[in-house]
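Following: one structure in structure tokens, then a few remarks.
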Amino acid sequence: MKNPSHPWIVAAVLATAPALVTIGARAADDAPTAAALRTRSLAATCAACHGSDGRAPEAATLPGLAGVPKDLLIEQMKAFKSGTRPGTVMPQIAKGYSDAQIEQLAAWFSKAAK
């Protein structure tokens with residue numbers, strides 16, 4: 001009985017290897033970074049009141065945050081944080097965020113689709 005491994009099988013495997021490596025690299029490149037995952041987790045803390053990814057349901061009494069300009073979100077959050085903007089729970093919540101976290105949240109929600 002002859003050896004079942006044929007040179008054309010080896011050639012075919014070697015020919016597809018670069019494509020498999022490229023596919024694996026592309027999948028890794030598409031994976032979110034640790035910083036993006038932290039920002040998404042931070043934004044998820046707003047979901048109970050402002051909706052998932054900042055998209056409030058139609059009948060919601062609180063506004064959605066998705067698509068709101070970054071500078072406006074930063075301004076409002078800093079006003080809550082400093083106490084110059086009144087609110088029920090937002091002044092207390094805003095005090096828990098650093099300025100860097102407020103900027104991360106604003107960037108996240110400003111890019112979110114409505």
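Heads up: numbering here begins at 1 and tracks the sequence.
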Fill in: Atom pair SG/CG of Cys49 and Leu65 - distance to nearest 0.5 Å
10.0 Å
Item to complete: Could you list the residues that satisfy side chain to side chain donor-acceptor pair (under 3.5 Å) with Arg38, not counting sequence neighbours?
Response: none
Worksheet item: In this structure, which one of Gln76, Lys81, Glu75 forms a side-chain contact (heavy atoms from CB on, under 4.5 Å) with Ile102?
Response: Lys81
Worksheet item: With distance as the sole test, does His50 use its side chain to make a donor-acceptor pair with the main-chain N or O of Pro63 at under 3.5 Å?
Response: yes
Worksheet, complete the sentence: Of all heavy-atom pairs linking Gly96 and Gln101, the shortest is O-OE1, 3.9 Å
Item to complete: Report yes if some heavy atom in the side chain of Phe80 is under 4.5 Å from a heavy atom in the side chain of Val89; otherwise report no.
Response: no
Worksheet item: Taking the side chain as C-beta and beyond, is there a heavy-atom pair between Leu42 and Leu105 under 4.5 Å?
Response: yes
Worksheet, complete the sentence: Ser52 meets the side chain to side chain donor-acceptor pair (under 3.5 Å) criterion, sequence neighbours left out, with none
Worksheet item: If you measure from CG on Asp53 to NZ on Lys111, what distance do you get to the nearest 0.5 Å?
Response: 14.0 Å
Practice prompt. Search all heavy atoms of Ala94 against all heavy atoms of Met77 and return the closest pair with its distance.
Written response: CB-O, 3.7 Å
Fill in: Evaluation steps, side chain to side chain contact (heavy atoms under 4.5 Å, CB included), between Leu73 and Trp108
CA-CA 10 Å; Leu73 287 171; Trp108 174 267; over 6 Å; no
Worksheet entry | Minimal non-hydrogen separation, Pro86 against Thr84, with atom names | CD-O, 3.8 Å
Worksheet item: Does some side-chain heavy atom of Gln104 sit less than 4.5 Å from a side-chain heavy atom of Arg40?
Response: no
Discussion item. With rounding to the nearest 0.5 angstrom, report the CG to CE distance, Leu62 to Met90.
Written reply: 9.5 Å
Worksheet item: Say you draw a straight line from CZ of Phe109 to CD1 of Ile74; how long is it, rounded to the nearest 0.5 Å?
Response: 13.0 Å
Fill in: Shortest non-hydrogen separation from Ala79 to Ser82 and the atoms involved
O-OG, 3.3 Å
Item to complete: Please name the pair of heavy atoms, one in Lys114 and one in Gly67, separated by the smallest distance, quoted to 0.1 Å.
Response: CE-CA, 4.1 Å
